[in-house]
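Data block below; observations after.
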Protein chains: 2
Amino acid sequence: MNVNKRVRRTPDEAKHLILKTAASRLSEFGLEGLNISGVSKAAGMSHATVIHHFGSTAAMRQALLQQMTEALLSDVVLALNKDVPPDQVLNGLFKTLSQDGHGRLLSWLALDHNLEVASGEGNTAGLFKNIIDAITDAGGDRTDAKFQVLLVATAAMGLSICGGPLSSLIGLSDEESAAFPRWLAEHLETLK
Amino acid sequence: MNVNKRVRRTPDEAKHLILKTAASRLSEFGLEGLNISGVSKAAGMSHATVIHHFGSTAAMRQALLQQMTEALLSDVVLALNKDVPPDQVLNGLFKTLSQDGHGRLLSWLALDHNLEVASGEGNTAGLFKNIIDAITDAGGDRTDAKFQVLLVATAAMGLSICGGPLSSLIGLSDEESAAFPRWLAEHLETLK
DNA sequence: ATCCTTATCAACATGAATGTCAATAAGAGA
DNA sequence: TCTCTTATTGACATTCATGTTGATAAGGAT
């Protein structure tokens, strides 16, 4: 028979394992899967352990969503910093927002009012300002630039949330769906 | 003192009151506010009454989401049936999807996998086909038309979910935000 | 080896949500 | 007025998630 050997992780290992499991459950079951009992069971530990490391369910949620938010911001910054040609800024923003469930994260944050938004202390506003500056520098009206950013951001979010079902409803083949970002990028040029 | 007189509603009245309260709580607290105890308390009745009329929490949710889905489809059909000029089809679709929390409804349905989608038994696909036909009839490539529909639908959803926060992050004034749909409609023309 | 920190867990207590049941009363029809 | 249907409710049982506590053991330090 099996002697129940007790595993002992470092605090960092434990937190990483827990957050990894929580992220998996979030994408599978939605926000309602983000509870201590479910996550602890899925991670193969007792729920008391999770509470020991995070303190409460709310704190665990907060930690996961903050981690995801930081990943999102990091990706956005990455997509913009490596001297991207100005005419590719919107394309990069779109691709980033529609990747890795970033759009879904934003939706969860926006749809659930009781989630405290772990916004990057205002530097996100500066981020958008940079994007708009980049577009405007290439020539064009400032309001037009803002509208373009808004269009790209909202479209990327919508696509990230239910792009699959929408594509099949509309009757887009897989190849066509894959070509959509390129189409959008090309036509954003003509918008200027 | 007040003799607690017991109100007696018709089944339809009761169901309408419950669903109305549930809708209010849904928009205020998100999906987690859609439980029997909260709704019954907000509606001023015992939770046993809600169970009597709907049977279970899941059934109540189902009823509400189905009602909202029907309202959404009805609005979309309405926006298209009244001999809309073809060049206004996309504009109408956008306005409809970004109104009345329709986009948020679609997000909830898409984000929460355990919600059985009360889809309109495939007639939604026909609906989109009509839209695309209308655009293509006015002249234009079919794939382009599909892309336009996808862009409009996703943007409307994204705007409906977090248009407010995004607008302020981007630095759009209220007047500018209000002008966005018109801007999009005008520039959709140039996409053809 | 021995000690010490602490990650882990079982057991308990608590509270909230769900669903059941029998009793009550409101209103319609005879 | 009387009867019958049933909407409504309080009380109860059950399940589940949360958080606490004391005990245990894993692993590093001395």
Side-chain angles (χ1 to χ4, degrees), chain A residues 1-26 28-65 108 112-116, chain B residues 1-26 28-65 108 112-116:
Chain A
M1 55 217 54
N2 214 331
V3 181
N4 266 343
K5 257 209 156 179
R6 193 187 279 190
V7 285
R8 185 188 179 93
R9 294 161 273 254
T10 69
D12 274 353
E13 281 172 352
K15 286 183 182 178
H16 277 119
L17 170 59
I18 294 170
L19 287 186
K20 183 179 154 194
T21 310
S24 150
R25 284 184 58 85
L26 176 61
E28 185 171 5
F29 300 107
L31 272 176
E32 319 205 1
L34 266 195
N35 48 18
I36 285 191
S37 67
V39 170
S40 61
K41 213 170 294 181
M45 60 184 65
S46 83
H47 79 277
T49 300
V50 178
I51 291 184
H52 170 74
H53 285 290
F54 288 96
S56 70
T57 296
M60 185 195 67
R61 284 189 169 193
Q62 199 59 32
L64 174 64
L65 295 175
W108 281 318
D112 232 293
H113 300 19
N114 48 354
L115 292 180
E116 298 171 13
Chain B
M1 12 244 303
N2 215 333
V3 182
N4 267 343
K5 256 206 156 182
R6 194 187 278 190
V7 284
R8 186 188 178 93
R9 294 161 274 254
T10 69
D12 274 354
E13 281 171 351
K15 285 184 183 176
H16 278 119
L17 170 60
I18 293 170
L19 287 186
K20 184 179 152 195
T21 309
S24 150
R25 283 183 58 85
L26 176 62
E28 185 170 5
F29 300 107
L31 272 175
E32 320 207 0
L34 265 195
N35 48 16
I36 284 190
S37 67
V39 170
S40 60
K41 214 170 293 180
M45 61 184 65
S46 84
H47 81 277
T49 300
V50 178
I51 292 183
H52 170 74
H53 285 291
F54 287 97
S56 71
T57 294
M60 186 195 66
R61 286 188 169 194
Q62 198 60 31
L64 174 64
L65 295 174
W108 281 318
D112 232 293
H113 299 20
N114 48 353
L115 294 180
E116 298 171 12

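Keep in mind that the numbers below use all heavy atoms, side chains included, and drop hydrogens, waters and symmetry copies.
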Rounded to whole Å, please give me the gap between [atom1] in [X] and [atom2] in [N].
X     : N      : atom1 : atom2 : value
A:K5  : C:dC9  : NZ    : C1'   : 17 Å
A:R8  : D:dA26 : CZ    : P     : 9 Å
A:F29 : D:dA17 : CZ    : P     : 12 Å
B:F54 : C:dT18 : CZ    : C1'   : 16 Å
A:E13 : C:dT8  : CD    : P     : 9 Å
B:H16 : D:dA7  : NE2   : P     : 15 Å

Worksheet item: Closer than 4.0 Å, any side-chain N/O of B:H52 to the OP1 or OP2 of D:dA7?
Response: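 For B:H52, the contact criterion (side-chain N or O under 4.0 Å from OP1 or OP2 of D:dA7) is met.
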For this session: Compare side-chain N and O positions of A:H53 against OP1 and OP2 of C:dT6 and report whether any pair is under 4.0 Å apart.
Result: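 A:H53 to C:dT6 OP1/OP2: no side-chain N or O under 4.0 Å.
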Which heavy-atom pair separates [X] from [Y] by the least distance, and what is that distance?
X     : Y     : result
B:V50 : B:S40 : CG2-CB, 3.6 Å
B:I18 : B:M60 : CG2-SD, 4.2 Å
B:T21 : B:A42 : CG2-CB, 3.6 Å

Worksheet item: Which one, C:dT8, D:dT9, D:dA7, comes nearest to the side chain of B:T49?
Response: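 Closest nucleotide to the B:T49 side chain: D:dT9.
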Per-nt protein contacts along nucleotides 18-23 of chain D (heavy atom under 4.0 Å; B base, S backbone sugar-phosphate only, - none) come out as BBB---
query = Do the non-hydrogen side-chain atoms of B:R61 and B:F54 ever get within less than 4.5 Å of each other?
reply =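 The answer is no; the side chains never approach within 4.5 Å.
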Does the side chain of A:R25 come within less than 4.5 Å of A:N35's, by heavy atoms?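 Counting from C-beta outward, A:N35 and A:R25 do come under 4.5 Å.
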